[in-house]
Amino acid sequence: MRGELSLEQKLEAMLTVALEPISAEELADVVDAEAAVVRQTLADLRAEFLEQRRGFQVVELASGWVMQSSPDVAAWVTKFANRDVSHRLSSAALESLAIIAYRQPVSRAQISALRGVNVDGVVRLLEQRGYIEELGRAPGPGQPILYGTTESFLDRMGLATLNDLPPIEEFMPPIETANELAEEIAERFDDSEVS
Amino acid sequence: MRGELSLEQKLEAMLTVALEPISAEELADVVDAEAAVVRQTLADLRAEFLEQRRGFQVVELASGWVMQSSPDVAAWVTKFANRDVSHRLSSAALESLAIIAYRQPVSRAQISALRGVNVDGVVRLLEQRGYIEELGRAPGPGQPILYGTTESFLDRMGLATLNDLPPIEEFMPPIETANELAEEIAERFDDSEVS
Amino acid sequence: MTFVVTTPSFSGPIELLLQLISSHDVDILDVPLAPLVDAFVATLRDDTTELDMEDLSEFLLIGAVLLEMKSHRLLPGPESGEIDEEFIGWEERDVLLARLLELRTYAALADAFVSLFERASRAYSRLRGVDDGFVVQPPDLLAGVTTTQLALAYLRGIEEKPVPVVRLHHVTVDAVTVAETVAALSQRLPTMGRFSFRQLTEPLVTRIEVIVHFLALLELCKLGYVTLGQGATFGEVQIEWLDTNASVDFGGVDRYEG
């Protein structure tokens, strides 16, 4: 039953054995194949395992490819996984994180101008937790620090690149909401002019 | 698209995630099935993976069932494990190693509490690379494994004994020294309350 | 306790003042802020009142908010940076609407993030690694790592992470009074020459410590031991110890617990 070993077989074995995500380039290097071919094979494997509804999956994260248990089976796995659940972020932190993710590079002042509150604490928390990092400094007065999301942020979201983030258009409030808001604002403005 | 989870799926997920071999009885207990059924399903899975010539296999060892790389691909796994990683340790791994070096004996949970992230994978890597080893088990619930550094770690760092590690106070701003002290005292209090 | 302030147009607790100004019942331009601060300092120096750090920070916070509101009213033109540039010429209410809509979008995205995080955190990666029996001779991952780097990695590793629980021992460490800090600073400062507030507070960990240091410096300034200066608006606060032979008299420094 020897025969030639398939590329799938080699890649599966390496993902079985790896303790950290590995890039397609690194895998290609070991198996002596084109990175593009490796990438395609991994994508096929992912589709195959998904379709077969296996208890494991092959996924591409920002830091590389991994083999992991399928999230659907999480409830059955926790006993053996024995790993801590990700910390919860407050909704304030999540909103700031969303702003940073979609508007990066962005300064604290810009986030705070949008959210209407001071965001120093929240930004520091997100940085300490490894969701965001400094990307550099803006030109101009004060040279404020510009923030962006980290590779680890994408890893934790289960995404390979920023392009995999959900498209922002899908989350814009519907036109009715906009109209309602516009009316509310108009009322409030009129009130304050009267008083 | 959810639907019922199959027994295969659950077992695959558990084997994907488990660090140590698990007995059919233990698996049966978690999935709420007869041990005989579990054993049969595992045997079928083994046959299926063999037949599909996957890079991984499900095998029964003396202490239980595991998922591991298939022996056919051993040469490639060896190449992968020995690949010329121009790498150093990741900073996450280095931080955990440093914590173990300075705080040994120390459990995974303690390291993870300090670093604020899960460290299971990193600890496993450090152990496999021979930098750390089990020193014993902590008393108390769960009897967690306590880790310490190995002789080989000292060799590679060019140190004769652990006492030759640079005193950490030299690198600490005074405030942190105070915090450190407070933490030690607090820990001592916690310990004495527990015991 | 709460601070009661008295101004030509208002008399009552400072929180109420902020509330009234926010709801446009009192015009901030009618409220002189300097007397508020003087009254605050007077209260601090009054030995008979007991203050805790929370009241103190509360006052500082409200004071800062009032100051910001007033400066916004006094300064010509909005200065909120790039965000608003694209909206130049828009009515104020249109800008507000645009901002609200954008915020709603991000709030919805935040929910989407939660489900992505949750799903991803339910996938567990493998831990088994290479099975025993393989001859693994990996390169020395520690090559080039010095003991100093190891020590620094340790410090990074144990760096304070956000902890959701209140741990009492922090309180013990942070319980530094302004009076104690004045005493400590009067020892340190004469040897330091000219330096900035940022340099002084760099090693401090908590906000309370920074506030306590700031108050202590104000004390020392009022007592005539240091000069405080600021080159430009929002520039660094520069601190210099004045050469004086008089020893610091702590009698006038208020003793309140942190």
Side-chain angles (χ1 to χ4, degrees), chain A residues 15-21 56-57 59 61 66-75 77-78 80-81 83 85-87 89 91 94-99 101-102 107 109-110 113-116 125 128-129 142 155-159 165-166 168 171-173 177-178 181-182 185-186 189 192 195, chain C residues 23-25 61 64-65 68 78-85 87 91-131 134 136 159-164 207 232-235:
Chain A
L15 292 177
T16 304
V17 142
L19 289 170
E20 285 173 341
F56 44 80
Q57 59 180 8
V59 199
L61 302 178
V66 276
M67 182 166 166
Q68 37 179 231
S69 68
S70 145
D72 300 337
V73 204
V77 160
T78 40
F80 297 104
R83 278 159 254 183
V85 196
S86 60
H87 310 259
L89 289 174
S91 60
L94 279 164
E95 279 177 35
S96 300
L97 182 57
I99 293 172
Y102 284 91
S107 73
Q110 287 172 317
L114 185 58
R115 298 214 41 240
L125 176 89
Q128 281 184 338
R129 297 251 180 114
D155 280 356
R156 286 183 234 184
M157 298 271 284
L159 304 176
L165 281 173
I168 193 163
F171 292 87
M172 295 197 177
T177 317
L181 276 175
I185 291 168
F189 267 79
S192 67
S195 65
Chain C
S23 59
H24 303 292
D25 290 332
L61 179 66
V65 172
E68 198 195 1
E79 257 204 335
S80 17
E82 298 169 42
I83 298 276
D84 284 341
E85 264 169 37
F87 299 128
E91 289 277 339
E92 195 182 347
R93 63 182 73 178
D94 292 336
V95 175
L96 184 58
L97 176 62
R99 205 180 98 185
L100 282 177
L101 287 175
E102 194 169 0
L103 271 181
R104 293 243 172 149
T105 308
Y106 286 119
L109 278 164
D111 290 341
F113 276 22
V114 170
S115 24
L116 281 170
F117 277 135
E118 269 176 11
R119 185 165 176 84
S121 73
R122 278 185 286 130
Y124 301 96
S125 42
R126 286 187 52 84
L127 284 184
R128 245 189 102 66
V130 180
D131 288 289
F134 283 97
V136 180
E159 209 170 61
E160 195 184 337
K161 309 288 189 304
V163 194
R207 191 172 296 196
T233 321
F234 303 127

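Residue numbering restarts at 1 for every chain, and letters A, B, ... go by the order of the sequence lines.
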Contacts of E95(A) meeting side chain to side chain donor-acceptor pair (under 3.5 Å) (sequence neighbours excluded), chain-then-number -> none
With rounding to the nearest 0.5 angstrom, report the CD1 to CG distance, I99(A) to L103(C).
6.0 Å
With rounding to the nearest 0.5 angstrom, report the CG to CE distance, L116(C) to M157(A).
4.5 Å
Closest non-hydrogen atom pair between F113(C) and A101(A), with its separation:
CZ-CB, 3.9 Å
Gap between atom CE of M172(A) and atom CZ of R104(C) - 0.5 Å precision
14.5 Å
Do the non-hydrogen side-chain atoms of F171(A) and Y106(C) ever get within less than 4.5 Å of each other?
no
Given a strict heavy-atom distance threshold of 4.5 Å, which part of S107(A) is in contact with chain C: side chain, backbone, both, or neither?
neither
Sub-4.5 Å side-chain heavy-atom contact between F117(C) and L97(A):
yes
What are the two closest non-hydrogen atoms of A98(A) and A110(C), and how far apart are they?
CB-N, 4.3 Å
If one checks every heavy atom of L61(A) against chain C at 4.5 Å, the contacting part turns out to be neither
Pick whichever of A74(A), P21(A), G158(A) has the most heavy-atom pairs under 4.5 Å with chain C.
A74(A)
Okay, E20(A) and chain C: the region with an atom under 4.5 Å from a heavy atom over there is neither
Considering residues at least two apart in sequence or located in another chain, which fulfil the side chain to side chain donor-acceptor pair (under 3.5 Å) criterion with S96(A)?
R115(A)
